[in-house]
Amino acid sequence: MGNDVTLVAVSKMKSVADILQLYEMGHRDFGENYVQELIEKKDLLPADINWHFIGHLQSNKVKLIATFIYLIHSVDSPKLLQEISRQGANHQRVINCLVQVHVAQEETKFGFDPLTLSELFNQLKEWQATGKPHFVRIKGLMGMASFTDDQEILKNEFRQLHELYNSLKEHSLPAAEINILSMGMSNDYLLAVSGGSTMVRIGSLLFGNR
Ligand SMILES: *Cc1c(COP(=O)(O)O)cnc(C)c1O
């Protein structure tokens, strides 16, 4: 396959001891879905962990993670992006973000529809035009495929994400540095990696069922 793939160990609902076990084997990238759970665990664990936020993030909670979060995978509205930038500015810290895209068949409120992605990009360009410093850095996209074993459906959705990712690279967004495509979970990571993923988010395969 040839591409480098970062493994994010998804530790939601897993104990500090479970996380430490992987940490001691040298693992540093962990993903959490809930702000409260993340900040409680973070204080009990080594400071050199790269914490990834992968769940739905409410704007009013951004301030709780802004000082330390390594990468937010789940930017799903312009409002959230604006709040991340504001909190980044408060702490003089550039916060790395992925834009979540909705390609799966399941209904969900979260993630941009591929068709509305360009609205977000236009907004980013408007911000750029204001000349203000940016405290968000768009690093790429995150997506979840449908909850299915149908390989053709999965392949198609990963292909769609990969195409959007490639077009994002060509968009020459302000304050962007596009090199992360976060896709693939326990049940579909092999297809995701052969479909161009650079980052997989794996929970149950590493830690057992939740
Ligand atoms: C829980 C979760 C995962 C990990 O799922 P597994 O099937 O346990 O590997 C990955 N991504 C997101 C966004 C999740 O919420």
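First listed ligand is number 1; within each ligand, the first listed atom is number 1. Keep in mind that the numbers below use all heavy atoms, side chains included, and drop hydrogens, waters and symmetry copies.
Of all atoms in ligand 1, numbered sequentially from 1 with element shown, those under 4.0 Å from a heavy atom of Lys12 are 1 (C), 2 (C), 3 (C), 14 (C), 15 (O). Shown in contact with Arg201 at under 4.0 Å from a heavy atom are these atoms of ligand 1, numbered in order with element: 4 (C), 9 (O), 10 (C), 11 (N), 12 (C), 13 (C). Applying the 4.0 Å criterion to heavy atoms of Met144 picks out, from ligand 1, the atoms 13 (C). Counting the atoms of ligand 1 from 1 in the order shown, those under 4.0 Å from a heavy atom of Asn33 are 14 (C), 15 (O). Within ligand 1, counting atoms from 1 as listed, the ones closer than 4.0 Å to a heavy atom of Ile202 are 9 (O).
Of the protein's non-hydrogen atoms, Ser186 OG, 2.5 Å is the one closest to atom 9 (O) of ligand 1. Protein heavy atom at the shortest distance from atom 13 (C) of ligand 1 is Ile54 O, 3.6 Å. When hydrogens are left out, the protein atom nearest atom 5 (O) of ligand 1 is Met185 CE, 3.5 Å; that is the closest non-hydrogen contact.
In this structure, Arg93 is not positioned above the aromatic face of Phe135 in the sense of NZ or CZ being under 6.0 Å from the six-membered ring centre and within 45° of the axis. For the pair Lys12 and Tyr34, the cation-pi criterion (under 6.0 Å, within 45° of the ring axis) is not fulfilled.
The shortest heavy-atom distance from Leu205 to ligand 1 is not under 4.0 Å. Proximity of His73 to ligand 1 is not established, as no heavy-atom distance is less than 4.0 Å.
At least one donor-acceptor pair closer than 3.5 Å links the side chain of Asp150 to the backbone N or O of Ile153.
In summary, of the residues considered (Ile69, Leu38, Leu71), a side chain to side chain contact (heavy atoms under 4.5 Å, CB included) with His52 occurs for Leu71 alone.
There is no side-chain donor-acceptor pair under 3.5 Å between Tyr165 and Asn179.
In terms of polar-atom proximity, Gly203 is counted as a contact of ligand 1, with an N or O under 3.5 Å from an N or O of the ligand.
By the criterion of a heavy-atom distance under 4.0 Å, neither the backbone nor the side chain of Asn187 is placed next to ligand 1.
Taking 4.0 Å as the cut-off between side-chain N and carboxylate O, Lys79 and Glu83 do not count as a salt-bridged pair.
Phe112 has its ring centre no less than 6.0 Å from the ring centre of His102.
Interatomic distance, Arg86 CZ to His91 NE2, rounded to the nearest 0.5 Å: 10.0 Å.
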